[in-house]
Amino acid sequence: MEQRISVTTLVVEDVAEARRFFEDGLGWQAHSSPGPEVVFFQVPGSVFALYGRTSLEEEIGRPVTDSPTGAVTLAWNGRSEAEVDESFLKALAAGARPVKEPQKAFWGGYSSYVEVPGGHLLEIAYNPFWPVEENGTITLPPVQ
């Protein structure tokens with residue numbers, strides 16, 4: 001198996017609400033939605049999906065944890081601290097709840113957290129050690 005992740009999926013109670021957050025609030029564009037319980041967004045190098053909890057449980061054949069943080073967080077990296085500040089405010093205006101205001105991070109970057117509709121955590125950060133390419137991709141630097 002190749003070392004890659006093809007799709008990152010958030011399980012949400014209300015797909016329409018979560019979709020509005022990403023589309024209307026953050027300005028993302030959905031690629032497709034084969035039904036009301038799932039929506040796909042093309043992101044650099046992979047796919048980001050929103051999936052209704054009940055529908056995913058039916059597909060999997062077992063319950064899905066109702067803990068939205070479930071030991072997983074998403075991260076969005078900006079190209080500067082100013083871009084983090086701007087994106088943090090944009091997320092709040094779109095309906096996210098603040099968890100951690102943008103601030104210098106112990107690891108040398110600049111980081112914040114919001115809770116998006118559905119309860120999942122989204123880190124909005126700037127990492128000076130991981131440049132973000134024009135197309136949004138990040139390539140980890142060589143190991144020292």
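Counting from 1, the numbers follow the sequence of the chain as shown. These values consider heavy atoms only, across backbone and side chains, with no hydrogens, waters or symmetry-generated copies.
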A.B. asks: Under a 4.5 Å side-chain heavy-atom rule over Ile, Leu, Val, Met, Phe, Trp and Tyr, are Tyr126 and Trp107 clustered together?
C.D. replies: no
A.B. asks: Is any side-chain heavy atom of Val114 less than 4.5 Å from a side-chain heavy atom of Leu121?
C.D. replies: no
A.B. asks: What pairs with Ser87 under side chain to side chain donor-acceptor pair (under 3.5 Å), at least two apart in sequence or on another chain?
C.D. replies: none
A.B. asks: Partners of Glu13 by side chain to side chain contact (heavy atoms under 4.5 Å, CB included), sequence neighbours excluded?
C.D. replies: Arg53
A.B. asks: Not counting sequence neighbours, which residues clear side chain to side chain contact (heavy atoms under 4.5 Å, CB included) with Ser112? List them please.
C.D. replies: Val84, Phe88, Pro102, Ile124
A.B. asks: Restricting to side chain to side chain contact (heavy atoms under 4.5 Å, CB included), what partner residues turn up for Glu134, sequence neighbours left out?
C.D. replies: none
A.B. asks: Which heavy atom of Ala91 sits nearest a heavy atom of Leu26, and at what distance?
C.D. replies: CA-CD2, 3.7 Å
A.B. asks: Is a donor on one side and an acceptor on the other found under 3.5 Å between the side chain of His120 and the backbone of Val12?
C.D. replies: no
A.B. asks: Which pair of heavy atoms, one from Pro141 and one from Trp130, lies closest together, and at what distance?
C.D. replies: CD-CD1, 3.6 Å
A.B. asks: Any side-chain donor-acceptor pair under 3.5 Å between Ser111 and Gln103?
C.D. replies: no
A.B. asks: Please list, one pair per line, the donor and acceptor atoms closer than 3.5 Å that link side chains of residues 28-46 to other protein atoms, with sequence neighbours excluded.
C.D. replies:
{"residue": "Ser33", "atom": "OG", "partner": "Gly35", "partner atom": "O", "Å": "2.9"}
{"residue": "Ser33", "atom": "OG", "partner": "Val38", "partner atom": "O", "Å": "2.7"}
{"residue": "Gln42", "atom": "NE2", "partner": "Ser46", "partner atom": "O", "Å": "2.9"}

A.B. asks: Looking at CZ of Phe48 and CG of Leu50, how far apart are the two atoms once the value is rounded to the nearest 0.5 Å?
C.D. replies: 5.0 Å
A.B. asks: Could you tell me whether the side chains of Asp85 and Tyr110 share a donor-acceptor contact shorter than 3.5 Å?
C.D. replies: yes
A.B. asks: Could you name each residue pair satisfying salt bridge (charged side-chain N to carboxylate O under 4.0 Å, His left out) that touches residues 90-113, not counting sequence neighbours?
C.D. replies: Glu81-Lys104, Arg97-Glu115
A.B. asks: When you measure from the side chain of Glu86 to the backbone of Ala82, do you find a donor-acceptor pair of N or O atoms at a distance under 3.5 Å?
C.D. replies: no
A.B. asks: Which heavy atom of Gly136 sits nearest a heavy atom of Arg79, and at what distance?
C.D. replies: N-NH2, 3.8 Å
A.B. asks: Give me the atom names and distance for the closest heavy-atom approach of Val132 to Asn77.
C.D. replies: CG2-O, 3.8 Å
